[in-house]
Amino acid sequence: MRRSLQVRLSQLLDSGPFPTRWAFLYRLGVVTAIFLSTGIAVLKTVPGFAEAFGHLPSLIQQAAMAVLAVDYGLRLLSAWLLSGRGRKGLDGLLRYGLGAYGIFDFLAVVPLAPGLAMTLPADWITLCGIAGFLKLARYSPALETLGAVLRREARPLQASVFIMTLLALFASTLMYFVERDGNAGFASVPQAMWYSVVTLTTLGYGDVVPATGLGKMLGTLTAILGIGMFALPASILASGFSEEIRRRDFLASWHMVARVPFFATLDAGQIAQIVALLKAQHAEPGDMLIQAGDDGDCMYFIVAGQVEVAVGGGARPKPVLLSQGDFFGEIAIVRHSPRTATVTARKRCQLLVLHRRDFRKVTDTNPALREAIERAARDRLAQSQAAGPEDGQKNTAATV
Ligand code: CMP
């Protein structure tokens, strides 16, 4: 009982990229509640908003927060059930509650805590509504990616922060010496710091400007140095981001390839080569992936989901179902012929696509794969031709 509740809860709360129908609806509900709660918190700060709409926005916000409170409760229960009974359960509860996601989940519902709704100042309610947006981090890898980039690029970032601080400090001190007489914006080094930072970052508000010729020359130099130096962290972060995303894509593709039994015999080097050549693709139920008669330039491996191949043509083609581990679209690649059947997604699918130009690269280094694909193409073609358009079709799904 406890175990089945725990399994159901983790299916509902922590489903991966392929959630069940219920998990998908649940996630949709929570995400909608987050948008409503945060959106209304933001809009309530607009003067006249409350007068124009009365109590309605607050009621909607409270309903949205109630949904988030149920989500928080279920997550607490799941953390307790997952970690075990007694002391262990408490540990699990604390790990979730004091972790980043637990804190985000908590902040989103603070205003609903008994006794707080009436007493909490309006600004705090606004802040909690906006902090609730952080709950979305669970459904998007953006924050995790940022954290990973900051950790990996910590050294170059530290170096560039040091250089920037040095520049700001020297520029402010020099400007202070040159401009302090009669220019209130440079009356002290900290005050001159505002000018230096605004100039180095190329913002240039223009509220504080040097008056002397020497000060203007220094200001010019500061602005030029700023362009070079302050661009440094931006470029470090940009290249770190693209590197991290490439790494994550590679890992995700690696996991997908490892899930296809067809590639089970490959060693790490061969998988790495294939990962670089395969592209991930999603398909929703009803999406047509291949149309009979079209030219084909790629084949597909099914990582998850199910497709239907309409074999036989004619008025009543016979459906053949292919699922995880199967592949399709190989006939056009192997035989350089048009597509022999129409293939449509039956369930939500996660696919790996291998382009015709890469097919040789993969199979040249792996003759066994080539042989298996060619054999499947031969068998399927023979079966389709033998069955004919009106005939019954046996399931010829090829899982190698
Ligand atoms: P292709 O002809 O490139 O595009 C349609 C695909 O449907 C085809 O490759 C095969 O992968 C698949 N297909 C065709 N006939 C059959 C069959 N009898 N059984 C299973 N799959 C088939």
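In this chain, numbering begins with 1 at the start of the sequence shown. Indexing begins at 1, ligand by ligand and atom by atom, following the structure's order. All values reported here derive from a predicted model rather than from experimental measurement.
Counting the atoms of ligand 1 from 1 in the order shown, those under 4.0 Å from a heavy atom of Val309 are 7 (O), 12 (C), 13 (N), 22 (C). Annotation for ligand 1: atoms under 4.0 Å from non-hydrogen atoms of Phe328 are 11 (O).
Among Val311, Asp294, Ile290, the residue whose heavy atom lies closest to atom 16 (C) of ligand 1 is Val311.
Neither the backbone nor the side chain of Leu381 has any atom closer than 4.0 Å to an atom of ligand 1 (non-hydrogen atoms only). The parts of Glu330 lying near ligand 1 are both backbone and side chain, judged by heavy-atom distances below 4.0 Å. With a 4.0 Å heavy-atom cut-off, ligand 1 is reached by the backbone of Ile331 and by its side chain too.
The aromatic rings of Phe49 and Phe53 sit tilted relative to each other, their planes meeting at an angle between 30° and 60°.
When hydrophobic clusters are built by joining Ile, Leu, Val, Met, Phe, Trp and Tyr residues whose side-chain heavy atoms come closer than 4.5 Å, directly or via intermediates, Val70 is grouped together with Tyr72. Clustering ILVMFWY residues whenever any of their side-chain heavy atoms sit less than 4.5 angstrom apart, transitively, puts Phe133 in a cluster other than the one holding Ile40.
Some N or O of Ala332 is nearer than 3.5 Å to an N or O of ligand 1, by distance alone. Looking at ligand 1, you won't find any N or O of Val343 less than 3.5 Å from one of its N or O atoms.
Under the 3.5 Å distance criterion, the side-chain polar atoms of Ser196 are matched with a main-chain donor or acceptor of Ser172.
Ligand 1 is never approached by Gly296 to a heavy-atom distance shorter than 4.0 Å.
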Show which side-chain atoms of residues 284-308 pair as donor or acceptor with protein atoms under 3.5 Å away, not counting sequence neighbours.
{"unit_1": "Glu284", "atom_1": "OE1", "unit_2": "Arg348", "atom_2": "NE", "d": "3.4"}
{"unit_1": "Asp287", "atom_1": "OD2", "unit_2": "Glu284", "atom_2": "N", "d": "2.9"}
{"unit_1": "Glu308", "atom_1": "OE1", "unit_2": "Arg346", "atom_2": "NH1", "d": "2.9"}

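Under the 6.0 Å distance and 45° angle rule, Arg180 does not count as a cation-pi partner of Phe186. Under the 6.0 Å distance and 45° angle rule, Arg380 counts as a cation-pi partner of Phe327.
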